[in-house]
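Report on the structure given below.
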2 protein chains.
Amino acid sequence: MSKVMTIREMCDAFDVTPRTLRFYEAKELLFPIREGQRRLFTKRDRARLKLILQGKRFGFSLEDIRQLLDLYDMGDQQFTQLNRTYELAQERLADMISQRDELTGAIEDLRQQLKWGEERLAELKRHAAE
Amino acid sequence: MSKVMTIREMCDAFDVTPRTLRFYEAKELLFPIREGQRRLFTKRDRARLKLILQGKRFGFSLEDIRQLLDLYDMGDQQFTQLNRTYELAQERLADMISQRDELTGAIEDLRQQLKWGEERLAELKRHAAE
DNA sequence: CGTTCCGTTTACGTCAACGTCAACTTTCCT
DNA sequence: AGGAAAGTTGACGTTGACGTAAACGGAACG
């Protein structure tokens with residue numbers, strides 16, 4: 001069924017802008033077929049884009065993603081390749097967790113401040129009522 | 001005891017670079033005394049810097065922070081002022097929480113992937129052993 | 001007196017991931 | 001044929017929070 005997709009179809013399917021897809025192509029993350037000037041995105045491009053978006057969600061940089069994607073393309077050295085990916089992913093996971101911890105701390109601190117602010121606001125109101 | 005501090009003392013005390021302090025001055029977040037060319041940071045500057053760093057931790061932009069700081073300086077309209085700060089803080093808190101939720105989701109997803117990766121790695125090892 | 005250190009100013013550079021705009025060409029629809 | 005719609009390229013802009021470099025001034029030390 002699905003053979004190739006136009007840029008617009010891709011945009012709709014993945015909720016990205018055309019600019020983004022061209023940008024990814026320029027960065028060598030995608031390799032759509034060029035029929036004349038038009039781009040045609042294959043199943044492979046779709047698979048890659050899916051991985052790209054996932055990678056972004058995990059906080060990988062596009063450069064990191066490109067390298068990982070390239071590893072998959074080379075296809076051989078399966079062990080080395082998967083291992084590398086695994087390592088990177090672990091690093092990312094650690095980063096994300098520490099980020100979340102920091103965020104959690106900041107959230108708690110900000111909550112404290114808000115509580116303090118509420119008290120002060122209450123004071124001011126009482127004051128104004130007199 | 002502590003009256004004014006030099007730029008270096010400030011850097012050491014707050015763990016920032018001179019460039020940062022000058023940058024904050026340029027952005028009108030700090031107003032050190034100028035003795036000739038030298039900057040001398042007062043107690044007020046220290047209080048402001050403390051708030052700045054806290055604000056950054058909460059994800060406020062420097063511009064937001066500047067405005068809030070200015071409100072405090074004007075000093076009157078205490079209610080309006082505190083209220084504004086309170087509102088902004090609430091927005092930030094909401095943002096931070098949703099960010100954390102997204103992060104938590106991504107962490108879980110990445111954990112899944114890692115688990116999957118481990119299985120595949122185990123397979124490859126078994127394969128290599130034969 | 002020389003050197004070294006701390007300080008200053010101005011201005012430009014950096015990084016990521018695109019957005020925006022202009023000026024074209026190509027394709028589709030009527 | 002004519003005009004909109006969709007596509008293209010290339011160049012430059014954006015955002016935030018500084019970093020870096022150049023070129024200079026004054027003072028403290030030995």
Side-chain angles (χ1 to χ4, degrees), chain A residues 4-42 45 48-69 88 92 95-96 99 102-103 106, chain B residues 4-42 45 48-69 88 91-92 95-96 99 102 106:
Chain A
V4 292
M5 288 171 67
T6 73
I7 202 170
R8 184 109 304 279
E9 289 170 337
M10 288 293 279
C11 291
D12 294 344
F14 291 93
D15 194 31
V16 293
T17 68
R19 182 69 184 90
T20 299
L21 293 178
R22 295 191 197 108
F23 181 76
Y24 288 168
E25 185 187 5
K27 289 281 172 180
E28 304 196 278
L29 290 160
L30 296 178
F31 306 95
I33 302 168
R34 308 306 292 271
E35 179 182 292
Q37 289 294 55
R38 302 280 162 85
R39 290 163 174 82
L40 292 178
F41 296 85
T42 67
D45 291 311
R48 291 175 71 97
L49 181 52
K50 197 171 170 184
L51 286 174
I52 292 167
L53 297 178
Q54 234 181 76
K56 286 197 47 166
R57 181 150 182 266
F58 295 155
F60 289 100
S61 73
L62 290 185
E63 176 54 21
D64 281 349
I65 294 172
R66 193 186 59 74
Q67 292 182 23
L68 291 177
L69 249 32
L88 269 186
R92 277 277 72 222
D95 278 4
M96 290 169 76
Q99 266 184 53
E102 159 63 19
L103 202 48
Chain B
V4 291
M5 288 171 67
T6 72
I7 201 170
R8 185 110 303 278
E9 289 170 338
M10 289 290 282
C11 292
D12 293 345
F14 290 92
D15 193 33
V16 293
T17 69
R19 180 71 184 89
T20 300
L21 293 178
R22 295 191 197 105
F23 181 76
Y24 288 169
E25 186 188 4
K27 289 282 174 182
E28 304 196 277
L29 290 160
L30 297 176
F31 305 96
I33 302 168
R34 305 307 290 272
E35 180 182 290
Q37 290 292 55
R38 305 279 163 81
R39 290 164 174 81
L40 293 178
F41 296 84
T42 69
D45 290 311
R48 292 174 71 96
L49 181 51
K50 198 171 170 184
L51 286 175
I52 292 167
L53 297 178
Q54 231 180 80
K56 285 198 46 166
R57 179 149 184 266
F58 296 154
F60 288 100
S61 73
L62 290 185
E63 175 56 18
D64 281 350
I65 294 173
R66 193 187 61 74
Q67 291 182 22
L68 291 177
L69 249 31
L88 270 185
E91 284 177 28
R92 277 276 72 223
D95 279 4
M96 290 170 74
Q99 266 185 51
E102 159 62 19

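Note that the structure is a prediction, hence the values are computed from the model and not measured.
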note = CG of A/L62 to OH of A/Y24, rounded to nearest 0.5 Å, is 5.0 Å
query = Do the side chain of B/R38 and the base of C/dG7 come within less than 3.5 angstrom through a donor-acceptor pair of N or O atoms?
reply = no
message = I'd like to know if A/R22 reaches the base of D/dT8 with its side chain such that a donor and an acceptor end up less than 3.5 angstrom apart.
response =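 Answer is no: no donor-acceptor pair is held.
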key: Sugar-phosphate, base or nothing in reach of A/R39, heavy atoms under 4.0 Å   =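 Sugar-phosphate contact only.
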request  = Side-chain contact test, heavy atoms from C-beta onward, threshold under 4.5 Å: evaluate it for B/M10 versus B/L49 and give yes or no.
outcome  =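 When only atoms from C-beta onward are counted, B/L49 and B/M10 do touch, with a gap below 4.5 Å.
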Among [options], find the nucleotide with the atom closest to the side chain of [X].
X: A/T20; options: C/dG19, C/dT8, D/dG19; answer: C/dG19
X: B/R19; options: D/dG19, C/dG19, C/dA17; answer: D/dG19
X: B/T6; options: D/dC18, C/dG7, C/dC18; answer: C/dG7
X: B/I7; options: C/dT20, C/dT8, D/dC18; answer: C/dT8

ask   = Of B/K56 and A/R34, whose nearest nucleotide on DNA chain D comes first from the 5' end?
value =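 Going by which nucleotide is closer to the 5' end, it is A/R34.
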Can you tell me the distance, in whole Å, between the [atom1] atom of [X] and the [atom2] atom of [N]?
X: A/L30; N: C/dA17; atom1: CG; atom2: P; value: 14 Å
X: B/F41; N: C/dT8; atom1: CZ; atom2: P; value: 7 Å
X: B/M10; N: C/dT8; atom1: CE; atom2: P; value: 12 Å
X: A/E25; N: C/dA17; atom1: CD; atom2: P; value: 18 Å
X: B/E35; N: D/dG26; atom1: CD; atom2: P; value: 14 Å
X: A/D12; N: D/dG7; atom1: CG; atom2: P; value: 9 Å
X: B/L49; N: D/dC18; atom1: CG; atom2: P; value: 11 Å

inquiry  = Please determine whether a side-chain nitrogen or oxygen atom of A/T17 lies at a distance below 4.0 Å from atom OP1 or OP2 of C/dG19.
reply    = yes
key: Any A/Y24 side-chain nitrogen or oxygen under 4.0 Å from OP1 or OP2 of C/dC18   = yes
Salt bridge or not for [X] and [Y], using N-O below 4.0 Å?
X: B/E102; Y: A/R57; result: yes
X: B/E25; Y: B/R22; result: no
X: B/D45; Y: B/R48; result: no

query = Taking for each residue the nucleotide of DNA chain C with the nearest heavy atom, is it A/S61 or A/Q37 whose nucleotide lies nearer the 5' end?
reply =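 In this pair, the answer is A/S61.
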